[in-house]
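Some notes on the structure that comes next.
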Amino acid sequence: MYKVMLVDDERVILEGISQVVDWAAAGTELVGTARNGIEALDKIGQSRPDIIITDISMPGLDGLGLIEKASEAYPGVRFIMLSGYKEFEYARRAMQYGVKHYLLKPCNENQIHDALTELLQEHQDAQVKEHVAGEMKQRLQRVLPHVKEQFLLEFMTNRTYGPVDLEYYQELFDLELEENAVRLLLFRIVDEHDYSHLFAIKNIASDLLPHVLLSTTIEGKLLILLADSADPAGLKESIEEVRAAFTRLYKLEVTAALSEADRMIQSRRLFREALQYLNHRFFIGEGKLITKNDLVLAGECDGLHVEQDAEQLCQLIKSGNTEETAVEVERLFDLLSRQQLEIEVTRSYVVQLYSAMVHVCPPEEATEFTQRMAELPHIDTLSGLKSFVASSTARLTSGYYKNHISRQSSAVEKMMDIVDLHFGEADLSLNGVAHQMLYMNPDYLGKIFKKVTGENFSNYVNRLRIERACDHIRRGGDVKVFELAELFGFGGNSQYFSQVFKKWTGMTPTEFRRIGI
């Protein structure tokens, strides 16, 4: 119920309205009356009404004065004005305090009821709007970090994004992106890693770098948008601190590339520059900060993307698929042949491919593969370079294939040993076996078990249990079915044991014992 106070200096009107209006029907209750504005102000603090129905013309403090002072002290109170005056000036002044309901005397109970109903509906609508707006604001705050990441990613990769989008998002993020100069900073982790490592670099950078505006992950790297610094040397020192802190905490090397400064609308060009700087790490080594000053000018390799090509080739090598690796080498060198680049540019591309391959070769062969790199400057033809790379990739791929097979066979043998020890336990499962094998993924173990044995893990376990149960029956003679179920991993469930037994032997345990096979 909403609480109402009635204020009028005429006793007859005050009592009449109090008695004739069905307050409850309007969803309200009358909590007090007053004969003037001064008396009303005293009572508002005690009864705390939601709505005040007040006359305009009253001694001491009139209705307009009451509205002014009550609105200041109690901002949530709503008003309905009663007056015998028809001049608009009173209504206009009342409107300054948000008063929308203005009833001329004499008015009946229906008019008051309608005014109350309308006012309450407005109040409820306002509460709903406020609640919805609050929820929307909370949701926006939760998703805003993801929106920021996605915006930066799209702005770097989607050419349809332009000044209009930039203006919209800078207002959404409350950032000055359009006019101020920015730089792009790329971080690339040298060794194998997962997303959590990129997230760690992001957190370290947020703490140590000045003027971080936005960040996102792109092509397996962390991209950070920085406001241009008045102290470039200090910015580089901060980036080195980020790299050093990450390497110290996670024992992984990280390479960084910092673009030149320009307006945000030019950020796609800055991103291409940063990638170019990062690709130059071959010449100066991993685990460094690379800027434009570190670049050595060379020919352009249009249509070739050495970093992506090297990553793709290394993934194929590690997969152990010799045919696909050979096809990829053929594709790359066909492209090089059609490009007809200068020999040193072509050699540089091949050297970077081979350098990536060195990083994925087995430790026992790393020295030999690294030493072979010295042969590349002395190979004078594209076909010679192709033969060199093809033989190296074939050797590496074959090694990975043999290693895969060896590891899989070893894992399956260990699984069989575990089953052999625990086949009598009812809770024996693929998940449990995976847990005993240093928390290996059960889905992966199930796949390699099927690949090596040709049999599902659960079928293998049940078959082994039934074979052992058959041996036990042969040796034990008159043994109970429920005892067999308990001994051979069915938890005493003799009915289920009998079903599985019949599935594998074609007869029930009782029939098997009677026949004596």
Side-chain angles (χ1 to χ4, degrees), residues 144-188 198 201-202 204-243 254-284 288-308:
L144 196 57
H146 304 290
V147 175
K148 288 181 176 181
E149 289 188 9
Q150 189 63 29
F151 161 73
L152 185 57
L153 177 62
E154 290 289 339
F155 204 85
M156 292 300 107
T157 58
N158 190 339
R159 293 188 177 185
T160 62
Y161 272 57
V164 175
D165 305 284
L166 187 58
E167 183 178 352
Y168 169 77
Y169 281 104
Q170 75 171 359
E171 183 177 349
L172 177 64
F173 301 149
D174 192 25
L175 293 173
E176 289 293 334
L177 299 175
E178 197 168 10
E179 297 299 331
N180 297 331
V182 297
R183 291 176 184 264
L184 290 180
L185 175 62
L186 271 174
F187 284 107
R188 176 189 178 275
L198 292 174
I201 298 179
K202 175 183 174 181
I204 296 171
S206 298
D207 291 337
L208 299 181
L209 293 181
H211 314 304
V212 173
L213 300 177
L214 299 170
S215 63
T216 190
T217 54
I218 182 169
E219 299 176 2
K221 308 172 192 66
L222 175 66
L223 174 65
I224 297 179
L225 179 70
L226 300 168
D228 188 28
S229 173
D231 180 17
L235 175 60
K236 292 178 182 179
E237 290 180 4
S238 298
I239 295 172
E240 292 291 3
E241 289 179 14
V242 173
R243 287 196 326 95
V254 61
T255 303
L258 178 65
S259 77
E260 295 293 287
D262 207 331
R263 294 175 57 216
M264 180 65 183
I265 199 67
Q266 300 295 327
S267 58
R268 279 190 285 272
R269 179 181 59 79
L270 296 180
F271 178 58
R272 290 194 298 271
E273 287 183 4
L275 281 176
Q276 181 186 3
Y277 302 167
L278 197 62
N279 290 341
H280 195 68
R281 65 189 181 276
F282 170 76
F283 298 101
I284 65 174
K288 294 180 175 62
L289 169 62
I290 307 173
T291 66
K292 185 177 181 179
N293 294 334
D294 300 306
L295 230 59
V296 176
L297 295 178
E300 292 292 331
C301 295
D302 294 335
L304 295 171
H305 307 282
V306 64
E307 184 175 48
Q308 294 93 320

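We're numbering straight along the sequence, starting at 1.
- Taking a 6.0 Å sphere around CD of Glu167, one finds it holds 12 or fewer heavy atoms contributed by other residues, nucleotides or ligands.
- Nearest heavy-atom pair, Ala256 versus Ile239, reported as atom, atom and distance to 0.1 Å: CB-CG2, 4.1 Å.
- Remark: Lys236 does not engage Glu240 in a salt bridge, criterion side-chain N to carboxylate O under 4.0 Å.
- The shortest side-chain heavy-atom distance between Gln170 and Met264 does not fall under the 4.5 Å cut-off.
- Taking OG from Ser215 and CD1 from Ile201, the interatomic distance works out to 11.5 Å, rounded to the nearest 0.5 Å.
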One pair to check against side chain to side chain contact (heavy atoms under 4.5 Å, CB included): Met156 and Glu219. What are the steps and the verdict?
CA-CA 11 Å; Met156 292 300 107; Glu219 299 176 2; over 6 Å; no
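- Contact annotation: the side chain of Leu222 never approaches that of Val254 to less than 4.5 Å [non-hydrogen atoms, C-beta and beyond].
- Here the CD1-CZ distance, from Ile224 to Arg183, works out to 14.5 Å after rounding to the nearest 0.5 Å.
- You'll find the side chain of Leu186 reaches within 4.5 Å of the side chain of Phe271, heavy atoms only.
- Side chains of Leu278 and Phe187 form no contact here, defined as non-hydrogen atoms less than 4.5 Å apart.
- Between Ser238 and Leu209, the closest side-chain pair of non-hydrogen atoms falls below 4.5 Å.
- The CD1 atom of Ile218 sits 5.5 Å away from atom OG1 of Thr157, with the distance rounded to the nearest 0.5 Å.
- Under the 4.5 Å side-chain criterion, counting only non-hydrogen atoms from C-beta, Leu225 is in contact with Leu177.
- At a threshold of 4.5 Å between non-hydrogen side-chain atoms, the residues Glu149 and Lys202 count as touching.
- Between the Arg243 side chain and the Thr255 main chain, no donor and acceptor come within less than 3.5 Å of each other.
- Note: Asp207 CG to Glu241 CD = 11.5 Å, rounded to the nearest 0.5 Å.
- You'll find the side chain of Val182 stays beyond 4.5 Å of the side chain of Leu226, heavy atoms only.
- The distance between the ring centers of Phe151 and Phe173 falls below 6.0 angstrom.
- Heavy atoms only, all atoms of each residue included: Ser259 and Ala274 are closest at CB-CB, 4.4 Å.
- Atom NZ of Lys292 sits about 9.5 Å away from atom CD of Gln276, to the nearest 0.5 Å.
- Taking OG1 of Thr217 as the reference point, atom CG of Leu223 lies at 9.5 Å (rounded to 0.5 Å).
- When all heavy atoms of Leu184 and Ser267 are compared, the closest pair comes out as CD1-O, 3.3 Å.
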